[in-house]
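All values derive from a computational prediction rather than experimental measurement. Protein chains get the first letters and strands the later ones, always in sequence-line order, with residue 1 at the start of each. What's counted below: heavy atoms across the whole structure, side chains too, no hydrogens, waters or symmetry copies.
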Number of protein chains: 2
Amino acid sequence: MYKEFVENAEQEQDSYKGKDKMYVAIDCIIFGFDAGSLKLLIFKRRVEPLKGEWSLIGSFVNLDEDVSAAAGRVLEEITGLKDVFMEELKTYGAADRDPGYRVISIGQYALIRLNEYDRKLVEAHGAVWHDVDKLPSLVLDHDQMVQDALEKLKAKARFQPIGFELLPEKFTIPQLQSLYEAIYQKELDSRNFRKKVMSYNVLIKLDEKDKSSSKRGAFLYKFDHARYKKLLQSGYNFEI
Amino acid sequence: MYKEFVENAEQEQDSYKGKDKMYVAIDCIIFGFDAGSLKLLIFKRRVEPLKGEWSLIGSFVNLDEDVSAAAGRVLEEITGLKDVFMEELKTYGAADRDPGYRVISIGQYALIRLNEYDRKLVEAHGAVWHDVDKLPSLVLDHDQMVQDALEKLKAKARFQPIGFELLPEKFTIPQLQSLYEAIYQKELDSRNFRKKVMSYNVLIKLDEKDKSSSKRGAFLYKFDHARYKKLLQSGYNFEI
DNA sequence: CCAAAAGTGTTACACGTACACCCATGA
DNA sequence: TCATGGGTGTACGTGTAACACTTTTGG
C-alpha cells in the first residue's frame, strides 16, 4: 500500500509539499588517550567560512548515505581507521546555530587508539591532537559538543567497558587506571582499582611486560571481549 | 569575519553548493502511567501514505524552528501540555528509512501525567493510549523507536528522578513503587523500596490520604524539586 | 644502592537484600 | 469481623573505601 503510493508520486510525495528541506551534517568528537591525558582531534579551518578557527571535523550527510555512515566516512578519511568505537552523542538542532543556512548537526563521538591511526592522513588534513583540558575555543556550538561528549564518556565508561577502546590492545593496569583517572578527573586508589578490575574476570594476563614507564615493568593484559559478552548474558554488571 | 562572509553570500553559502538537503522530522514517544502499567500515545493514520496504520505522532521541522521546539509544538498540539519532560532519544538516519524521500527523524520521548492532558484534543487527533506491552506494530522504524525509548527510560529512571513526571503531583508510595515495577518489569520489595526512597529526603509527606485503592488509604507525597536541586549540588546521587 | 613504579591484604563501615507481622478501615 | 492493602524493623552478607609496605630492577 505504501509502495503504490510512492510509485504514484513522482519524486517527492505530495505530503512533503510545502515542507522545508535543510542540510544535515555530522561532527566528530574524536577522543584519544596518551601520557595520562585525554586528547581531542581538532583542526584549523583552511577555507571560508571561519578560516583559521579551530573546529571539529565534520561533513554534510549525502542524500543516499546513512547518518552513521557519514560519520564513519569522515572518521576513516581523517584517521584511516574503520571499525572504531563510535556512537551518536546528540543532535544540535537550534535554528540559528549556523549563521549561513539552516544546518542541523548530529554529534558523533569516537574513541580511538593513538598507536593505530594514520599519522600522515591526520597531518594532511591539518588536524592535531589537543589535551581536552587545554582546548582553544571552537567554532559554532562545537565547544558545547565537546562538553557534552566528555560528560557522556564519563557516564558511560562507568558501566560499560568502553575505556579499553582508548588503550592499545595490550595495556597495563597502571595505564588503565591512569585512563580512568583522566576520564573521571579524580585520583583512584591503586589497590582498590586493581581489585575491582580483576574481579570482573575480563582481562587476560599476558606473559609480556611493558617496561616503558618503570624499571621493574608492568604486566600487559588484553580485554577479553568474548568472555565479557558471555557474562553480559548471565546478567552481570560491570562498574568501575 | 564569519559575518562578512555570510553577507557576501546571497542566501546559501558557496560552501553548501552541491550539498544535499533533506527533510528533518521529529517523532514523539509519549509515555504515560496508569493502573500499574506504562502507556504509549499512538494514532492511526487517517491519510496517505500508510493510511490506517498505527504510528507515533511526528512532524517535519520547519526551517526557522529549533528541533526541540518542533517536538514541543507537536506535544502541545496533541496533548495541550507545555513544559513537560521531554528529551532527545536519538536520531533515526538510515538513508532508506522512509521509502518516499530522504527524511531523517529525531526521536523525542516525553513523560506526561495522565490526569493532566487534554482528552478532547487527543481524541480529536485520533490518538489513543496503548499499554506498552501490548502494542500493535507501528509504521517505518517506529517500533524500534519505542524499544529504544523504553530502554532509555529504564536506564535513566534508575539514576534520575524522572519517574515522578509520570505520576500526578500528589502520589502515594505504593503508586510510586508500582511505577518503578512497570518500568523495570520486576517486582520490588515494598519495605526496601520505601526505605530507599525515603532515605533521599526528597519527598514531602502531605496530610492527605488517597483512599482510591484501599480502605485504610495511603498518605500522599509531593516531590521536592528544590531540595533535590540543592542536594545535587553537594554531590549526592539518587538511585532507585 | 637507591629511586621509582608495580604489586599485594586487612579492616571498618555502609548499603543492599531477604524476610513476616501488625495496622487501619469500609463493607 | 474480615478482607484488603498500608506501613514498619532486623539480621546478614556483600561491596566499598581507607590505609602502608614489600618487590623489582636499571642506572
Side-chain angles (χ1 to χ4, degrees), chain A residues 34-37 157-159 161 167-168 170-182 184-222 231 234-240, chain B residues 34-37 157-159 167-168 170-222 231 234-240:
Chain A
D34 194 29
S37 57
R158 191 164 156 204
F159 298 104
L167 293 175
K170 301 174 181 184
F171 54 85
T172 68
I173 305 295
Q175 272 169 30
L176 185 63
Q177 177 175 347
S178 145
L179 167 64
Y180 274 93
E181 287 176 336
Y184 296 152
Q185 308 236 47
K186 190 183 158 187
E187 302 216 331
L188 303 172
D189 179 274
S190 69
R191 289 159 290 188
N192 293 337
F193 182 82
R194 186 180 289 265
K195 202 189 313 170
K196 196 162 190 184
V197 169
M198 291 308 189
S199 75
Y200 292 113
N201 290 311
V202 287
L203 297 190
I204 301 167
K205 186 173 185 171
L206 304 177
D207 256 347
E208 309 166 61
K209 280 192 166 188
D210 168 34
K211 300 209 166 190
S212 65
S213 66
S214 79
K215 295 159 185 173
R216 178 178 177 180
F219 278 104
L220 287 163
Y221 291 80
K222 280 170 78 171
L231 288 169
S234 36
Y236 103 137
N237 64 314
F238 182 89
E239 177 177 353
I240 292 186
Chain B
D34 192 28
S37 57
R158 192 164 156 204
F159 297 104
L167 294 175
K170 301 175 182 182
F171 54 86
T172 68
I173 306 296
Q175 273 169 30
L176 185 63
Q177 177 175 346
S178 146
L179 167 64
Y180 275 92
E181 288 177 336
I183 294 174
Y184 296 152
Q185 307 235 48
K186 191 183 157 191
E187 301 215 332
L188 303 172
D189 180 274
S190 69
R191 289 159 290 191
N192 293 337
F193 181 81
R194 187 180 289 265
K195 203 189 311 171
K196 196 161 191 185
V197 169
M198 292 306 189
S199 76
Y200 292 112
N201 290 310
V202 287
L203 297 190
I204 302 168
K205 185 173 185 173
L206 305 178
D207 256 344
E208 308 165 63
K209 281 193 166 185
D210 168 33
K211 299 209 166 188
S212 65
S213 66
S214 79
K215 295 158 188 173
R216 178 177 176 178
F219 278 104
L220 287 163
Y221 291 80
K222 281 171 77 173
L231 288 169
S234 36
Y236 102 137
N237 64 314
F238 181 89
E239 177 176 355
I240 293 189

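The two atoms that bring B/Lys209 and B/Arg216 nearest to each other are NZ-O, 3.5 Å, heavy atoms only. Across all their heavy atoms, B/Pro168 and B/Gln175 have their closest contact at CD-OE1, 4.4 Å. The two atoms that bring A/Gly36 and A/Ser178 nearest to each other are CA-OG, 3.6 Å, heavy atoms only. Minimum heavy-atom separation, A/Ile240 to A/Tyr184: O-OH, 2.5 Å.
Nearest nucleotide to the A/Asp189 side chain, out of D/dG6, D/dC19, D/dG9: D/dC19. Counting only heavy atoms from C-beta on, A/Lys195 has its side chain closest to D/dA18 among D/dG7, C/dT8, D/dA18. The side chain of B/Asn192 lies closest to C/dC19 when the candidates are C/dC19, D/dG6, D/dA20.
Summarising the geometry, atom CG belonging to A/Leu167 is positioned 8.5 Å from atom OG1 belonging to A/Thr172; distances are rounded to the nearest 0.5 Å.
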Name the atoms and distances for all side-chain donor-acceptor pairs under 3.5 Å in residues 196-207 of chain A, with sequence neighbours left out.
unit_1: A/Ser199; atom_1: OG; unit_2: A/Lys196; atom_2: O; d: 2.6
unit_1: A/Tyr200; atom_1: OH; unit_2: A/Glu239; atom_2: N; d: 3.1
unit_1: A/Tyr200; atom_1: OH; unit_2: A/Glu239; atom_2: O; d: 2.8

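Annotation: proximity of residues 206-216 of chain B to DNA chain D (heavy atom, distance under 4.0 Å) is found for B/Ser213, B/Ser214, B/Lys215, B/Arg216, numbered in ascending order.
Spacing between atom OH of A/Tyr200 and atom C1' of D/dT14 amounts to 13 Å, rounded to whole angstrom units. Rounded to a whole Å, the CD1 atom of B/Ile173 is 18 Å from the P atom of D/dG5. D/dG7 atom P lies 8 Å from atom CE of B/Met198, rounded to whole Å. Atoms CD (B/Glu239) and C1' (C/dA14) sit 14 Å apart, rounded to a whole Å. Rounded to an integer number of Å, the gap from A/Leu188 CG to D/dT16 P is 13 Å. Between the P atom of C/dA14 and the OH atom of B/Tyr236 lies a distance of 19 Å, rounded to the nearest Å. Spacing between atom CZ of B/Arg194 and atom P of C/dC23 amounts to 16 Å, rounded to whole angstrom units. In this entry the distance linking NZ of B/Lys196 with C1' of D/dT8 reads 19 Å, nearest Å.
When the side-chain nitrogen and oxygen atoms of A/Arg191 are compared with OP1 and OP2 of C/dT8, none of them lie within a distance under 4.0 Å.
Between the side chain of B/Glu181 and the backbone N or O of B/Leu188 there is at least one donor-acceptor pair closer than 3.5 Å.
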